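We number each residue from 1, following the sequence as shown. As the structure is a prediction and not an experimental result, all values here were calculated from the model.
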Amino acid sequence: MESALDDPLNWTDADQERALRAIAPWYDLDFGPLTDDVEMLLELAAPAERVLELGAGSGRIAVPLAEAGCRVTAIDSSDGMLAAGQARMREAGVHVVRADMRCLSIGGAFDLVCFGLSTFQHLLRRSDQLAALQSARRHLADNGRLLIDWTAPRPDDLDPTPSPMQLEWLREAPTGELVTKSAAQELALDRASGSPLDRALAIAWITYQYDAVNESGLLRRSLARFPLRINLTAGEMAGLLFESGLTPTQWFGSWQLDEVGDGDRLIVLAEAAG
């Protein structure tokens, strides 16, 4: 029997938590400098609006929204990620809830529900995608909006040639350590045939490696490998939304809200149908 390290569809919640615990200590150092998507959400969410972020992680998006006056509830199922940002989120007034976005039932209605920065691509199975979207719909207020932001498909997404581990950055951590991040991507293949597991699914293995060196030259390494849905098209997303009782209202291709095709993102705003 293939393990989760061979077949991403055997990937479990425990496997995901193990990967996220490896990433969590470095998440803010890695993604903290990214602010364009935060600025987009600050433009879309008016102060005092009730915002629900699904897959909030360490609060990179939730905290600035709360500081801007939004009433933010942050949902994540990862103890590791929540522990990394819980103090900062609580200080900013974010209501933090450890819960699974696929079966969420926290009461209340929200003006904006969002899946930020490719969070939706961690949902590998159609059943999980639909469950998460239905959770989002249940928590939308009248006239509430759903936002989903993910990486636009690329022409080489189905190239079976693995990308080598490549250095992405060198930064200094708050601890004074010098940290490098390297990353690689490899299309998930069927072991017997060597072809993609499912061209419609297009799942890739993503590997992150963080190496931190302190003043004494001591190296500590964190390694995380996890599956991610790639090649998720606007058409597929529209079908998922309609099946979940949601209607797309606007599409964008970048965090600057350019037209689809003018950037490397796909962003959809949707509302409850009917």
Side-chain angles (χ1 to χ4, degrees), residues 11-42 51-68 70-102 104 106 113-123 132 149-151 167-184 205-215 218-228:
W11 192 254
T12 67
D13 293 344
D15 295 321
Q16 184 76 354
E17 176 62 13
R18 187 161 46 249
L20 290 173
R21 280 187 178 275
I23 294 170
W26 311 112
Y27 187 85
D28 288 337
L29 186 66
D30 191 352
F31 294 98
L34 178 62
T35 59
D36 285 357
D37 60 335
V38 176
E39 291 171 5
M40 173 192 69
L41 283 160
L42 287 171
V51 177
L52 174 65
E53 185 186 0
L54 300 173
S58 65
R60 183 185 65 87
I61 292 173
V63 168
L65 285 175
E67 290 174 342
C70 296
R71 293 172 285 168
V72 182
T73 297
I75 303 294
D76 207 289
S77 61
S78 169
D79 290 326
M81 290 298 291
L82 288 176
Q86 186 162 272
R88 187 162 58 102
M89 285 193 280
R90 291 196 186 283
E91 183 178 351
V94 176
H95 179 48
V96 179
V97 179
R98 184 193 180 283
D100 188 329
M101 69 175 71
R102 296 167 295 186
L104 186 64
I106 58 172
V113 178
C114 62
F115 296 86
L117 192 62
S118 304
T119 294
F120 198 83
Q121 291 175 262
H122 289 279
L123 300 167
D149 168 20
W150 74 101
T151 306
L167 177 67
E168 290 197 352
W169 49 254
L170 166 65
R171 293 173 185 162
E172 184 175 353
T175 59
E177 293 170 296
L178 290 179
V179 183
T180 60
K181 178 195 177 184
S182 300
W205 287 108
I206 309 297
T207 303
Y208 287 171
Q209 177 178 301
Y210 299 96
D211 287 336
V213 179
N214 66 15
E215 293 180 352
L218 183 65
L219 168 70
R220 59 178 177 131
R221 171 170 291 173
S222 300
L223 189 69
R225 185 172 186 255
F226 56 92
L228 198 71

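The line from OG of S78 to CG of L20 is 4.5 Å long, rounded to the nearest 0.5 Å. Rounding to the nearest 0.5 angstrom, the gap separating the CZ atom in R88 from the OG atom in S58 is 5.5 Å. The structure places CG of L117 at 6.0 Å from CZ of F31, a figure rounded to the nearest 0.5 Å. Between the CE atom in M40 and the SG atom in C114 there is a gap of 8.0 Å [rounded to 0.5 Å]. To the nearest 0.5 Å, atom CG of residue L219 and atom OG1 of residue T180 are 8.0 Å apart. Annotation: the span from L82 atom CG to D76 atom CG amounts to 4.5 Å, rounded to 0.5 Å.
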Note to self: Apply side-chain contact (heavy atoms from CB on, under 4.5 Å) to residues I106 and L52 and explain how you reach the verdict.
What the structure shows: CA-CA 11 Å; I106 58 172; L52 174 65; 4.1 Å; yes
Checklist line | Verdict with reasoning, V179 to W26, per side-chain contact (heavy atoms from CB on, under 4.5 Å) | finding: CA-CA 9 Å; V179 183; W26 311 112; 3.6 Å; yes
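Residues F120 and L54 form no side-chain contact, since every pair of their non-hydrogen atoms from C-beta on lies 4.5 Å or further apart. Proximity of Q121 to T151: side-chain heavy atoms (C-beta onward) are separated by under 4.5 Å at one or more points. Side-chain contact between R220 and Y210: absent, with no pair of heavy atoms (C-beta onward) separated by less than 4.5 Å. A heavy-atom distance below 4.5 Å is not found between the side chains of L41 and V51. Taking 4.5 Å as the limit, every side-chain heavy atom of D13 sits out of range of all side-chain heavy atoms of Q16. Contact annotation: the side chain of H122 approaches that of F226 to within less than 4.5 Å [non-hydrogen atoms, C-beta and beyond].
The heavy-atom pair separating N214 from L218 by the smallest distance is OD1-N, 2.9 Å. A68 approaches L42 most closely through the heavy-atom pair CB-CD2, 3.6 Å. Annotation for A74 and A62: closest pair CB-CB, 4.2 Å, computed over non-hydrogen atoms. The minimum heavy-atom distance linking A224 with A19 is given by the pair CB-O, 3.6 Å.
Residues meeting the salt bridge (Lys or Arg N to Asp or Glu O under 4.0 Å) test with E168, sequence neighbours left out: K181. Residues that satisfy the side-chain hydrogen bond (donor to acceptor under 3.5 Å, both in side chains) test with T73, not counting sequence neighbours, are absent from this structure. Under the rule for a side-chain hydrogen bond (donor to acceptor under 3.5 Å, both in side chains), the partners of R21 that lie at least two apart in sequence or sit in another chain are E17. When the side chain to side chain contact (heavy atoms under 4.5 Å, CB included) test is applied to L178, the partners found at least two apart in sequence or on another chain are L170, E172. The side chain to side chain contact (heavy atoms under 4.5 Å, CB included) test applied to R171 returns L29, D30, P33, W169, not counting sequence neighbours. Y208 pairs by the side-chain hydrogen bond (donor to acceptor under 3.5 Å, both in side chains) definition with nothing, not counting sequence neighbours. Scored by the side chain to side chain contact (heavy atoms under 4.5 Å, CB included) test, L223 finds T207, Q209 as partners (sequence neighbours excluded). The side-chain hydrogen bond (donor to acceptor under 3.5 Å, both in side chains) test applied to T175 returns E177, not counting sequence neighbours.
Judged by distance alone, with hydrogens and angles left aside, the side-chain atoms of D28 form no donor-acceptor pair with the main-chain N or O of G32 at under 3.5 Å. Between the R60 side chain and the V38 main chain, no donor and acceptor come within less than 3.5 Å of each other.
Residue pairs meeting the salt bridge (charged side-chain N to carboxylate O under 4.0 Å, His left out) criterion with at least one member in residues 205-215, sequence neighbours excluded: D211-R221.
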Hey, can you pull the donor-acceptor pairs under 3.5 Å for the side chains in residues 89-101, sequence neighbours left out?
{"unit_1": "R98", "atom_1": "NE", "unit_2": "D79", "atom_2": "OD1", "d": "2.6"}
{"unit_1": "R98", "atom_1": "NH2", "unit_2": "S77", "atom_2": "O", "d": "3.3"}
{"unit_1": "D100", "atom_1": "OD1", "unit_2": "R102", "atom_2": "N", "d": "2.8"}
{"unit_1": "D100", "atom_1": "OD1", "unit_2": "R102", "atom_2": "NE", "d": "2.9"}
{"unit_1": "D100", "atom_1": "OD2", "unit_2": "R102", "atom_2": "NE", "d": "3.2"}
{"unit_1": "D100", "atom_1": "OD2", "unit_2": "R102", "atom_2": "NH2", "d": "2.7"}

